[in-house]
Amino acid sequence: MKLRQSILVAMLLTTSTAAVAAVTKSPWGKTAEGIPVYLYTLSSADLTVRITTYGARIVSIDAPGRDGKKADVVLGYPDAAQYESDASTYFGAIVGRYGNRIAKGAFRIDGKTYQIPPNNNGNALHGGPAGFSTKVWTAKEIPHGVEMTLVSPDGDMGFPGELTLHVRYTVESGSLHIVYSATTTQPTVINVTNHAYFNLAGDGKGTILPTLLMIDADHYTPVDAGLIPTGELAPVAGTPFDFRKPTAIGARIDTPNEQLKIAGGYDHNFVLNNAGPGLHLAAKAVDPASGRSLTVTTTEPGVQFYSGNFLDGTKTGKFGGKYAIHAGFCLETQHFPDSPNHPKFPSTLLKPGETLHSETVFTFGVEP
Ligand code: GAL
């Protein structure tokens, strides 16, 4: 009896130790202005995740494959300086105050027009030229992870109201949880997401074209030539945008399709089927060779599936080589692009007295 009890206690201890993540902090260089940057390492038995205070970015995620061997499954750089000198990829970053595009950078709240400096073909992308991805966030250790905080002043990149944003990254077993909360001093718009690029075969291990992808969406939002939604929610049925059954990303990416042509591949917001107040399935990706899988659940109504179309072989990654087109894919859980100019889309307005709550979970596993 005693032996059984002690075995049980030992089993419980092992299970809880496996689930608990250890957190360490180390200096990680300085920005060009001399602001110190830190790197937090969150490790459970299954996952090791590194997060930097520069842009609150995910720098690496080590996850095991079918053979038990871990590989780093996100794209990125070896140091803060290289993140700072790259204004186009947003590797691993928290993007905001408004992730994705706002047409011409302009929108109205209560009859007043606000203007964000355009930084992408005349439109505002990921919060404008000095968005949240370019800021050094303050950080504090929390159980299983780290909480990053950014105070975006009133008028920051043209957005109204002082916005206080907390992003909590925690690791439990094979899951990375990202929890966002935000408050504002004036009505504003907010759409924050994480911009990690995944390659489940491993960073630098070829393209993501063989990756099998499932997206739980019957509709997506087609775009115009500037990648701004037309406002239509188009059915995916009968198009290369139908990922309701797992399909290789590369299977239809080159088929003649106006939307694929505009974006040079996939770069579209999918309207999630089960959007509601709690966590719901967004997508699942599997690398058939290594067996590594990634399941994405979220409280957000949409997910931007981006197939790394603008990667052009000029950026050298932490693996030591160049990132070619389709070296990684993003699944950016979010409200729809340009929502402030589309009253029929779910609202991105945040008012004083309200607290924005958003949550996304990346769960890594192995397929037999
Ligand atoms: C994505 C966006 C793409 C591209 C990319 C960054 O979120 O949808 O069009 O801008 O970020 O290179």
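As the structure lists them, so they are numbered: ligands from 1, and atoms in each ligand from 1. All of these numbers come straight from a predicted model, not from anything done at the bench.
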Could you verify whether a donor N or O on one side chain and an acceptor N or O on the other, from Arg50 and Ser60, lie under 3.5 Å apart? yes
Please confirm whether the ring centroid of Phe270 lies under 6.0 Å from the ring centroid of Tyr266. no
Quick one: which of Gly308, Ala87, Ser88 has a heavy atom closest to atom 6 (C) of ligand 1? Ser88
Sub-4.0 Å atoms of ligand 1 with respect to non-hydrogen atoms of Leu125: 10 (O)
Do any N/O atoms on Glu332 end up under 3.5 angstrom from N/O atoms on ligand 1? yes
Nearest non-hydrogen protein atom to atom 2 (C) of ligand 1, with distance, is Asp267 OD1, 3.5 Å
Report the residue from Asp287, Thr211, Leu200 that forms a side-chain contact (heavy atoms from CB on, under 4.5 Å) with Leu294. Leu200
Looking at Tyr38, is Lys25 sitting on its ring face, NZ or CZ under 6.0 Å from the six-membered ring centre and within 45 degrees of the normal? yes
Please identify which atoms of ligand 1 are closer than 4.0 Å to at least one heavy atom of Tyr197. 6 (C), 12 (O)
What is the ring orientation for Phe198 with Phe329, classed by angle as parallel under 30°, tilted 30 to 60°, or perpendicular over 60°? tilted
Look only at interatomic distance and state if Asn120 has a nitrogen or oxygen under 3.5 Å from any nitrogen or oxygen of ligand 1. no
Nearest to atom 1 (C) of ligand 1, what protein heavy atom do you find, and at what distance? His195 NE2, 3.2 Å
Does the cation-pi check pass for Arg252 over Phe243, that is, NZ or CZ under 6.0 Å from the six-membered ring centre and within 45° of its axis? yes
Show the atoms of ligand 1 that are less than 4.0 angstrom away from any heavy atom in Tyr90. 6 (C)
Please list, in number order, the atoms of ligand 1 under 4.0 Å from a heavy atom of Asn100. 2 (C), 7 (O), 8 (O)
Are any of the side-chain nitrogens in Lys112 or Asp110 under 4.0 Å away from the carboxylate oxygens of its partner? no
